[in-house]
Structure formats: structure tokens, C-alpha cells
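For the numbers below, each heavy atom of this structure counts, side chains included, while hydrogens, waters and symmetry mates do not.
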Amino acid sequence: MKRDYLVPFINAGHLLDHLVMLVFPTVVLALGREWDRPYSELLPLALGGFIAFGAFAIPAGWLADHWSRYKMMAVFFFGIGGALFLTGFASSPWQIAVGLTLTGMFAAIEHPVGIAMLVASPKNLGMALGWNGLWGNLGLAFAAIVSGALMDLWGWRAAFFVPGLLSMAAGIAFLLLVPDPGPVAKKSKTIGLHIDRATMTKIFAILLVATACGGVIFNSATVAMPKIFDERLRALTETNVGIGALVALVYSIAAFAQVLMGKLMGRYDMKTLMVGVGLMQVPLLFAAATLDGWALLIVALLMMMAIFGQIPLNDGIVGKYVADEYRARVLSVRYVVSLGVASVAAPMIGYLHATEGGFSNLFLVLGALAGAVFLSALFFPSRRRMQAAQAAI
């Protein structure tokens with residue numbers, strides 16, 4: 001397989017994946033004013049998209065392993081482009097919901113398929129995942145500022161049309177520049193390292209908790225951030241593009257936490273890193289519940305660094321313990337849990353925002369979930385325990 005163009009396209013796909021899923025949380029700010037509908041009513045229109053983003057990861061992973069990872073990536077690029085165009089033509093809330101659901105269906109392809117291709121033979125697993133995570137988080141950043149700018153210039157529909165064109169252009173370039181590597185080679189009949197069943201069960205149980213809780217935290221924070229800044233940073237800016245720029249600034253800087261985590265994964269025990277990330281998230285999320293202005297902006301930056309830093313750790317567990325021929329399917333299960341559970345974020349945000357405490361209540365809930373991630377990390381087997389388990393086989 002020629003990796004000269006493959007890795008850049010996987011990274012670009014990760015950027016587009018997160019960008020398209022977070023166009024609506026910024027668009028909803030303008031849509032609410034144009035349609036005279038409250039935020040708590042419009043934001044749940046994204047629920048179908050987030051459910052599909054998780055649920056369709058399993059069939060995407062299965063098709064990738066049994067049909068073609070390469071062709072599934074092509075379907076991803078053209079699929080999200082077409083779905084975004086359809087959403088841009090919407091004239092009613094239910095049409096927005098249908099378009100976002102279709103977008104989520106095609107966006108579900110990238111994580112299990114792209115990550116499986118990426119970790120197949122990396123020179124440095126941690127750094128490969130770290131840089132890929134950086135590009136994904138830049139997609140989060142670009143979603144806010146690009147959507148805000150397009151809305152201010154040409155209206156909210158342009159925020160769907162322009163990324164749709166970029167996605168289809170990327171699909172054409174992918175087919176022209178990246179050769180089809182063929183089917184996945186069957187190199188192993190075992191999953192993971194040669195360690196006992198009890199240790200392997202513990203690893204994946206902890207991964208399940210970290211994935212589920214982390215998914216809700218990640219999705220809630222990224223979906224709500226434009227509206228949080230719109231409410232609490234009005235002293236700094238009052239335009240759509242200004243709010244988008246502040247969100248983009250936070251996400252862009254925080255994205256480099258994944259590159260840093262990639263380096264740390266090659267030097268430190270996985271357990272130590274998981275405990276550290278969980279320990280950082282809890283106080284920052286609780287602090288964000290009561291802050292506004294510059295103090296919130298600083299805490300939001302540190303908070304998102306801790307949240308983003310957890311992602312390559314979860315993918316690193318799969319990359320380290322699962323054989324290549326099974327990775328797309330195992331990653332699909334991980335992402336269906338992460339993204340499926342995270343689909344509760346949109347209605348949860350809408351519900352909590354309508355309560356008396358508003359976003360303060362949201363941060364308190366997320367802080368409690370971060371506490372669960374921290375506690376589960378305490379039970380993750382240490383490197384010494386792994387070596388002992390392998391020696392016992």
C-alpha cells in the first residue's frame with residue numbers, strides 16, 4: 001500500500017468528519033433567529049444524525065473488512081457531500097432532521113474504517129493516532145468559524161453547501177491519488193496480545209466505561225460550546241463569526257493535546273496517562289459551571305485539552321491489543337458505543353439548557369461522568385501486570 005497519499009487523506013477525512021457533524025450546532029444560532037424557534041427546540045433536530053453517527057459504525061466496519069476499506073472511504077467522501085447538500089435545501093425542521101441523519105450515516109464510516117487503515121502498519125502508533133486526532137479536532141474548530149463566517153456572508157444554507165462541495169472534491173482526489181490496496185490480509189487468528197481472558201475482559205470493560213462516558217463528555221462539550229460562548233462571552237464578541245473564532249481558537253490549541261498524548265503514549269504506562277487525563281477533567285468541568293468571560297475562555301481551553309487528550313488513548317488500546325484483520329470491526333463497536341451513547345448529548349443539552357441552572361447543570365453532569373472515567377482508569381492493568389499476564393501464558 002502506498003502511504004504517501006493515504007495517510008493525508010485519512011487525516012483530511014477525519015477533519016471533514018468532525019466538521020460536518022458540528023455545522024448544525026453553529027447554524028442553529030442563526031436558524032433560531034430566522035425561524036423564531038428556541039434553541040432547546042431546534043438543537044434536538046441533530047439527534048438522528050448523532051444516533052446514526054454511532055449506529056452505522058458497525059455495518060461500516062463489517063463492510064470494510066468483508067468488502068473494501070478503500071471503497072468505503074470513497075463512499076464516505078461522496079456520501080457526506082450529498083447529504084450536506086440535501087440539508088442545505090431544507091425548508092422545515094423535519095427536513096433538517098432528515099438531512100442531518102443522512103449526514104450522520106455516512107460520517108459513521110470514517111472512524112472505524114479510517115482508523116483501521118491508519119493503524120495497520122504505523123512506524124509509531126501513538127504519533128499516528130495523535131496527528132490524526134489533531135486533524136479531527138481542527139475539523140471541530142473549522143466547523144465553528146467556517147459556519148459562522150459563511151452564515152454572516154451568505155446565510156445558513158451556505159454552511160452546508162460549501163463543506164458539501166469540499167467533501168465531494170476530496171472524494172474525487174482520493175480516487176485519483178490513492179491506489180486501492182485490495183482486501184485486508186488475514187495475518188492472525190487471535191485477537192490482541194497473548195494474555196489471559198480475565199485481563200483482556202478487564203481491559204475492554206474499562207475501555208467500554210471510558211468510551212461511553214468520554215463520548216457523552218466530548219459530544220456535549222463540542223455541541224454546546226458555540227451556544228455557551230454565545231451566552232457567556234458576549235462581552236468579547238457579538239457576531240456569529242466572532243463566536244466561531246473563539247470556539248475555533250479553543251479547539252485549535254486544544255487539538256495539539258492529541259499530538260502531545262501521542263508522544264506520551266510511547267514513553268509512559270497507559271494506566272498512568274488514563275488516570276492523569278481523568279483527574280484533569282473533573283475539576284475543570286466543575287469550574288466551568290460557574291464562570292464566564294475571560295475566566296471561562298481559559299478554563300474551556302484547559303478543559304478541551306483534557307477531553308481531546310483522552311481520544312488517542314482509547315484508540316491506542318484497540319491498536320495495541322487487537323489484530324489488524326479485526327480492527328475495523330472492534331473499532332466499529334467502540335465507536336458505536338462512544339457515538340451512540342453520545343447521541344444523548346443533543347436532547348440532554350436542550351433539556352438542561354431549559355432548566356433554571358442552564359449550562360451550569362450541564363457541566364455538573366459532565367463532571368460526574370469524568371469522575372467515572374477517572375475511577376475506571378484506576379483499575380486498568382499496569383504495564384507490569386500486562387507483562388506478568390503474558391508470562392503466565
Less than 4.5 Å apart, side chain to side chain, heavy atoms only: is that true for [X] and [Y]?
X	Y	answer
Pro163	Leu16	no
Phe363	Ile228	yes
Ile96	Leu100	yes
Gln281	Gln310	yes

Taking every non-hydrogen atom, the tightest pair across [X] and [Y]:
X	Y	value
Asn11	Trp135	O-CB, 3.5 Å
Val20	Ala107	CG2-CB, 4.5 Å
Phe89	Gln95	O-OE1, 4.5 Å

*Is the NZ or CZ atom of Lys227 both under 6.0 Å from the centre of the six-membered ring of Phe359 and within 45° of that ring's axis?*
no
Is [Y] reachable from [X] through a run of hydrophobic residues whose side-chain heavy atoms are each under 4.5 Å from the next?
X	Y	result
Ile217	Val209	no
Phe174	Tyr5	yes
Phe9	Phe76	yes

_If the condition is salt bridge (charged side-chain N to carboxylate O under 4.0 Å, His left out), which residues does Arg33 pass it with, not counting sequence neighbours?_
none
*Apply salt bridge (charged side-chain N to carboxylate O under 4.0 Å, His left out) to Glu41 and list each qualifying residue two or more places apart in sequence or on a separate chain.*
Arg37
*Between CG of Leu19 and CD1 of Ile145, what distance do you get to the nearest 0.5 Å?*
11.5 Å
*Could you label the plane-to-plane angle of the Phe85 and Phe161 rings as parallel, tilted or perpendicular, counting under 30° as parallel and over 60° as perpendicular?*
tilted
*For the pair Phe78 and Phe106, evaluate ring pair (Phe, Tyr, Trp, His ring centres under 6.0 Å) and give the outcome as yes or no after the intermediate values.*
CA-CA 9 Å; Phe78 289 106; Phe106 289 108; over 10 Å; no
*With sequence neighbours excluded, residues passing ring pair (Phe, Tyr, Trp, His ring centres under 6.0 Å) with Phe218*: His18, Phe308
